[in-house]
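Encoded as structure tokens, the structure appears first; notes follow it.
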Amino acid sequence: CPTDAFAGPGWLDARRCVSYLTIELRGPVPEELRPGVGDWLFGCDVCQEVCPWNRKALPGTEPRLRPGPEPAPDPVELLGLTEEEFRRRFRGTALWRAKRRGLLRNAAIVLGNLSLACIRQQRIDDAVGHLHQAIEVLEQTRGGGGLNVVFTAARELRPWREAAVVVEVNDRLLSLM
């Protein structure tokens, strides 16, 4: 489990579960758990995949329970959705449960995590691009939920801070405070 939600054999601490954090939690994701969210925008099925009981389960046959044909939304795509577009697209789907604000919070965390991954690989232009996208989310949600992970990624850019684009990221982040 990426957030160490399994406190022991057969014991799941749901408060640490990526599915809980990205779907049910209405407030900010605890800072120490954000790296574990990784690129999971909505939910996580790792525990289903590793569960020994599920190895014995037969595939489901109920057509209404099969995944839909639509791929998972892109975090950047979510940025452009108005409240009305969100309602039209996601009402009646599982994504509706997280609400628009929750999905935007998750998008900011995912984009911040992607930025950190790019920084570790010294792909600075990609990292800055992800940060700008995350800042757009934060501007829409007035800083809710993902601000710390974006600040962490921006701090990791310090070795490259002489680059004008890094200065621009920092200026945008400061404007959110």
Side-chain angles (χ1 to χ4, degrees), residues 1-57 60 65 67-68 70-79 81 86 90 93-123 126-138 140-158 169 173 176:
C1 174
T3 54
D4 296 321
F6 290 102
W11 180 26
L12 175 75
D13 181 352
R15 297 166 302 174
R16 299 182 65 85
C17 174
V18 172
S19 288
Y20 169 76
L21 297 170
T22 60
I23 300 170
E24 304 299 335
L25 183 65
R26 294 294 176 237
V29 172
E31 190 171 348
E32 69 276 8
L33 299 178
R34 291 175 191 163
V37 171
D39 63 357
W40 292 96
L41 185 63
F42 181 85
C44 168
D45 288 331
V46 170
C47 57
Q48 296 297 322
E49 294 167 6
V50 300
C51 176
W53 292 101
N54 285 347
R55 284 190 222 135
K56 300 173 187 175
L65 297 178
E70 192 169 325
D74 176 46
V76 177
E77 178 190 354
L78 289 174
L79 300 176
L81 293 179
F86 176 81
F90 297 118
T93 71
L95 291 170
W96 182 256
R97 187 169 182 92
K99 309 287 185 238
R100 181 173 179 264
R101 184 171 176 84
L103 283 179
L104 289 176
R105 173 204 59 205
N106 299 346
I109 292 170
V110 166
L111 291 166
N113 287 338
L114 289 173
S115 180
L116 284 168
C118 289
I119 291 166
R120 288 186 200 106
Q121 297 166 10
Q122 296 192 7
R123 294 175 27 227
D126 291 340
V128 169
H130 290 306
L131 281 175
H132 277 298
Q133 293 162 344
I135 291 168
E136 287 180 39
V137 173
L138 294 171
Q140 289 184 35
T141 61
R142 292 177 288 293
L147 191 56
N148 287 339
V149 74
V150 175
F151 268 116
T152 299
R155 276 195 306 271
E156 295 295 322
L157 284 171
R158 284 186 182 149
V169 165
L173 281 171
L176 291 172

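- Residues passing the side chain to side chain donor-acceptor pair (under 3.5 Å) test with Asp74, sequence neighbours excluded: none.
- Asp39 meets the salt bridge (Lys or Arg N to Asp or Glu O under 4.0 Å) test with no other residue; sequence neighbours excluded.
- Taking both residues in full, the closest heavy atoms of Pro75 and Val110 are given as CG-CG1, 4.0 Å, listed atom of the first, atom of the second, then distance.
- For the atom pair Asn106 CG and Arg34 CZ, the distance stands at 11.0 Å (nearest 0.5 Å).
- Taking each heavy atom of Arg16 and Leu33 in turn, the nearest pair found is NH2-CD2, 3.3 Å.
- Looking at residues two or more places apart in sequence or on another chain, you find a ring-ring contact (aromatic ring centres under 6.0 Å, His included) between Phe86 and Phe90, Trp96.
- Taking both residues in full, the closest heavy atoms of Phe42 and Ile23 are given as CE1-CG1, 3.4 Å, listed atom of the first, atom of the second, then distance.
- Judged by distance alone, with hydrogens and angles left aside, the side-chain atoms of Thr3 form no donor-acceptor pair with the main-chain N or O of Gly36 at under 3.5 Å.
- Within the 4.5 Å cutoff, side-chain heavy atoms of Pro30 are placed close to those of Leu25.
- When side chains are defined from C-beta on, Pro2 does not count as touching Val37, because their heavy atoms never get closer than 4.5 Å.
- Pairs of residues two or more places apart, or lying in two chains, that qualify as side-chain hydrogen bond (donor to acceptor under 3.5 Å, both in side chains) and include a residue from residues 17-27 are Glu24-Arg97.
- Formation of a donor-acceptor pair under 3.5 Å by the Arg105 side chain with backbone atoms of Gly27 is found in this model.
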